[in-house]
Q: 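What follows is a single structure, and I will ask about it in a moment.
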Amino acid sequence: MHLGVLDYIDTNFFSMLLSELSHPNELHGLTVSQLEEIACQIRERHLQVVSTSGGHLGPGLGVVELTLALYQTLDLDLDRVVWDVGHQGYPHKLITGRFSQFDTLRQQNGVAGYLKRSESKFDHFGAGHASTSISAALGMALARDKKGENYKCVAVIGDGALTGGMALEAINHAGHLPNTPLVVVLNDNDMSISPPVGALSTYLNKVRVSPPLQFLSDSVQESVKNIPLIGKDIPEELKNIKGSVRRLAVPKVGAVFEELGFTYMGPIDGHDIGNLVNTFNAAHKLKKPVLVHVVTTKGKGYPYAEADQVGYHAQSAFDLTTGKSIPSKKPKPVSYSKIFGQTLLKICEQDSKVVGITAAMATGTGLDILQKNIPDQYIDVGIAEQHAVTLAAGMSCDGLKPVVAIYSTFLQRAFDQLIHDVGIQNLPVSFVLDRAGIVGADGPTHQGQYDISYMRSIPNFVLMAPKDESELQRMLITSINHNGPTALRIPRGSGLGVAVMDEGWEPLNIGEAEILEEGEDILIIAYGSMVASAIETAKILNNMNINTCIVNARFVKPLDKNLIMPLASRIQKVVTMEEGTLIGGFGSAIVELFNDNEINIPVYRIGIPDVLVDHASPDQSKEKLGLMPDQMADKIVKKFKLVY
């Protein structure tokens with residue numbers, strides 16, 4: 001049954017419990033003070049859950065009033081809202097029927113950390129990558145118009161995501177469709193995950209401190225109508241006054257968006273519910289592309305999050321009173337990302353031609369230490385992966401040694417640039433793919449399971465993955481020294497705790513694998529993070545009197561055929577292990593090697609099958625996929641019918 005605006009209005013109640021809210025339209029008709037009470041409840045629940053189990057914090061706290069005000073002007077049974085990325089989506093989830101399940105946030109079989117169409121009918125578009133919202137909302141608006149239907153389409157995008165080329169492409173398209181109603185809400189908190197960079201960010205900084213746009217054009221039109229001898233029939237020459245005066249009202253404030261075909265409104269206080277409601281209603285009435293510029297405070301309502309907007313973008317479990325993270329029950333080794341950042345810093349200190357590049361992920365990739373210590377050898381391009389890759393290609397043409405650190409899942413966005421600008425030209429650019437493999441609670445949009453497959457097909461690239469932190473250091477110097485493109489994948493989280501060196505790292509020979517254990521019954525060839533799991537699997541097999549040979553492949557391109565093929569021919573039973581999708585992956589490379597060299601022996605490939613890996617802890621995901629050592633040992637025994 002369709003639930004309209006008036007179905008929910010009850011003037012007899014003066015308060016509402018967030019826990020009792022079953023449909024967002026129930027908010028319709030509430031007073032500003034009642035909505036402010038709901039806002040307090042949203043922040044309380046948000047903080048309670050994230051402080052207990054971890055998750056994104058600052059983005060959601062900053063858009064509570066924006067969400068409540070926007071939904072006052074929409075009928076969520078009909079209208080469409082597309083939230084960019086989904087970091088901002090926690091208040092949306094809390095008022096769309098997921099309050100009672102919210103304590104399962106980002107846990108296996110629980111509420112997803114991002115908007116997910118399969119989770120709720122109110123999640124109109126799913127996204128874990130930035131800058132997609134305007135394109136999706138415009139697509140919905142065009143579908144609406146083509147079908148002759150009548151509903152509102154809104155995109156909510158952050159100022160950090162607005163730096164992404166895809167968002168600007170969508171604005172350019174929408175601005176040329178003056179008869180297509182579309183509202184873009186720019187949530188401007190002067191942050192993405194890290195502070196945004198670039199000319200567009202600088203421009204928004206100027207806008208942010210400017211006075212709000214006065215809607216002079218409407219009052220001018222009304223004044224002209226009252227002029228004697230003119231009245232309601234405004235001459236064509238005078239109709240231009242409306243646009244001209246509007247431009248006088250926005251000489252800088254929103255002028256760029258106006259020139260691109262949008263009507264600009266703002267900047268608006270993003271925590272003033274009454275003003276927000278009035279502005280959103282005015283935007284909907286225009287029946288054309290409108291950009292509403294809303295200024296918010298990331299982390300609003302929690303002092304620690306407001307003071308440290310980078311640190312509290314996302315948090316592990318923490319103490320609400322002190323704001324400090326709850327320490328792990330047992331100390332963890334340093335993360336791969338930090339080892340990478342520390343090692344690159346040392347290399348940069350010794351070689352001024354080496355430059356670290358990231359796409360709005362300084363802290364996540366470990367490059368924040370380089371940013372702090374040698375800012376002249378550090379570049380953050382913003383949310384612009386395609387630009388980062390081609391920028392690095394250009395730098396390498398003129399003698400610099402760029403090291404591009406991007407999450408595996410985000411580098412997907414620059415696939416053409418990897419081929420066209422780097423691979424074909426065989427340019428010496430080093431890529432470090434962070435969060436490669438299973439990443440855990442962020443779910444399908446963030447799993448780094450595809451990079452082995454998509455990178456293998458690119459000409460001239462050398463692909464490698466370390467078995468531990470020490471090998472990471474050796475691979476990094478190998479990559480920088482190599483006269484061609486390289487890609488080094490590293491997993492999310494802590495290393496194995498092996499000793500690392502401050503300097504003097506010995507480069508590896510390109511394409512050279514190593515034998516870790518000798519054995520005659522089964523050959524396990526493991527790649528990257530799966531080497532440690534292969535060793536544990538071999539222990540289980542050895543306890544069954546199944547002697548296992550373990551090879552650390554190190555490289556998937558080129559493969560060490562001089563080592564692998566003789567071993568495979570002798571042992572005759574081969575298992576490959578990888579933390580990536582099996583289609584086109586490491587195991588496929590081994591099968592291709594054998595086929596090309598007419599080696600006809602069975603190969604059992606272990607990795608991620610053709611499935612989406614949902615949000616859960618990494619170990620829970622691996623267990624579900626059968627990638628834990630005991631599971632893999634059992635599979636190997638059954639596959640090869642080994643007797644023990």
Q: side-chain contact (heavy atoms from CB on, under 4.5 Å) for Met565 and Leu593? Distances and angles first, verdict last.
A: CA-CA 8 Å; Met565 289 196 300; Leu593 174 69; 4.1 Å; yes
Q: With side chains defined as the heavy atoms from C-beta onward, is the minimum distance between Ile524 and Ile636 less than 4.5 Å?
A: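 Sidechains of Ile636 and Ile524: in contact.
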Q: Could you tell me whether Asp614 and Lys116 make a salt bridge, using a distance below 4.0 angstrom between a side-chain N and a carboxylate O?
A: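 Here Asp614 pairs with Lys116 in a salt bridge, since their nearest N and O are under 4.0 Å apart.
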Q: Minimum heavy-atom separation for Tyr90 to Gly113, with atom names?
A: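 The answer is CE1-O, 3.4 Å.
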Q: What closest approach, in Å, do Phe415 and Tyr454 show between heavy atoms, and which atom pair accounts for it?
A: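 Minimum heavy-atom separation between Phe415 and Tyr454: CE1-O, 3.1 Å.
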Q: More than 12 heavy atoms of other residues, nucleotides or ligands under 6.0 Å from CG of Asp596: yes or no?
A: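 More than 12 within 6.0 Å, yes.
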Q: After noting the C-alpha distance and the side-chain angles of Ile347 and Ile477, does the key distance pass the side-chain contact (heavy atoms from CB on, under 4.5 Å) rule?
A: CA-CA 8 Å; Ile347 293 172; Ile477 196 68; 4.0 Å; yes
Q: Out of curiosity, Arg413 CZ to Ile406 CD1, how far, rounded to the nearest 0.5 Å?
A: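 Nearest 0.5 Å value for the CZ-CD1 distance: 10.5 Å.
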Q: Measure the spacing between CD1 of Ile525 and OG1 of Thr576 and express it to the nearest 0.5 Å.
A: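 If I round to the nearest 0.5 Å, the distance is 7.5 Å.
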Q: Tell me the closest heavy-atom pair linking Pro466 and Leu472, and the distance in Å.
A: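 For Pro466 and Leu472, the tightest heavy-atom pair comes out as CB-N, 3.4 Å.
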Q: Does a side-chain heavy-atom distance below 4.5 Å link Phe461 with Ile419?
A: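 Contact flag for Phe461/Ile419 side chains = no.
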Q: Which pairs count as side chain to side chain donor-acceptor pair (under 3.5 Å) when at least one residue sits in residues 123-136, sequence neighbours excluded?
A: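 Output for this query lists Asp84-Ser133, His92-Asp123, Arg98-Asp123, His129-Thr409.
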Q: With a 4.5 Å heavy-atom cut-off, do Ile438 and Glu579 have their side chains touching?
A: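 Side-chain contact under 4.5 Å: yes.
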Q: In residues 422-430, what donor-acceptor pairs under 3.5 Å come from side-chain atoms, sequence neighbours left out?
A:
{"from": "Gln425", "atom 1": "NE2", "to": "Asp421", "atom 2": "O", "distance (Å)": "2.9"}
{"from": "Ser430", "atom 1": "OG", "to": "Ser479", "atom 2": "O", "distance (Å)": "3.3"}

Q: Do you see a donor-acceptor pair shorter than 3.5 Å between the side chains of Gln473 and Thr343?
A: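 Judged by distance alone, the side chains do pair up.
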Q: Quick check: are there more than 12 heavy atoms from other residues, nucleotides or ligands sitting under 6.0 Å from NZ of Lys338?
A: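 It does not: Lys338 NZ has 12 such atoms or fewer within range.
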Q: Decide side-chain contact (heavy atoms from CB on, under 4.5 Å) for Asp630 and Asp634; before the verdict, give the C-alpha distance in whole Å, the side-chain angles of both, and the deciding distance to 0.1 Å.
A: CA-CA 6 Å; Asp630 59 331; Asp634 185 58; over 6 Å; no
Q: What pair of heavy atoms forms the shortest contact from Ile134 to Ala170, and how long is it?
A: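 Smallest heavy-atom distance, with atoms named: CG2-CB, 3.6 Å.
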Q: Thr358: what forms a side-chain hydrogen bond (donor to acceptor under 3.5 Å, both in side chains) with it, not counting sequence neighbours?
A: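 Expected list: none.
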Q: A side-chain contact here means heavy atoms from C-beta on lying under 4.5 Å apart; do Glu623 and Gln108 qualify?
A: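 Not touching, per the 4.5 Å side-chain cut-off.
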Q: Can a donor-acceptor pair be found between the side chains of Asp380 and Gln371 at a distance below 3.5 Å?
A: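 Their side chains do not contain a donor-acceptor pair, so the 3.5 Å distance test is not met.
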Q: Atom CZ of Phe410 and atom CE of Met361: how far apart are they, to the nearest 0.5 Å?
A: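 Going from the CZ atom of Phe410 to the CE atom of Met361 covers 5.5 Å.
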Q: Sorted by first residue and then second, give each salt bridge (Lys or Arg N to Asp or Glu O under 4.0 Å) pair with at least one member in residues 599-609; sequence neighbours left out.
A: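 Sorted result for residues 599-609: empty, none.
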Q: Any salt bridge (Lys or Arg N to Asp or Glu O under 4.0 Å) pairs touching residues 401-411, not counting sequence neighbours?
A: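 Qualifying pairs, neighbours excluded: Asp351-Lys401.
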Q: Going through the distances and angles, do Val500 and Gln342 end up as a side-chain contact (heavy atoms from CB on, under 4.5 Å)?
A: CA-CA 11 Å; Val500 295; Gln342 292 165 358; 5.9 Å; no
Q: Listed by chain and number, what are the side-chain hydrogen bond (donor to acceptor under 3.5 Å, both in side chains) partners of His56, not counting sequence neighbours?
A: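 Checked His56 against side-chain hydrogen bond (donor to acceptor under 3.5 Å, both in side chains); matches are His87.
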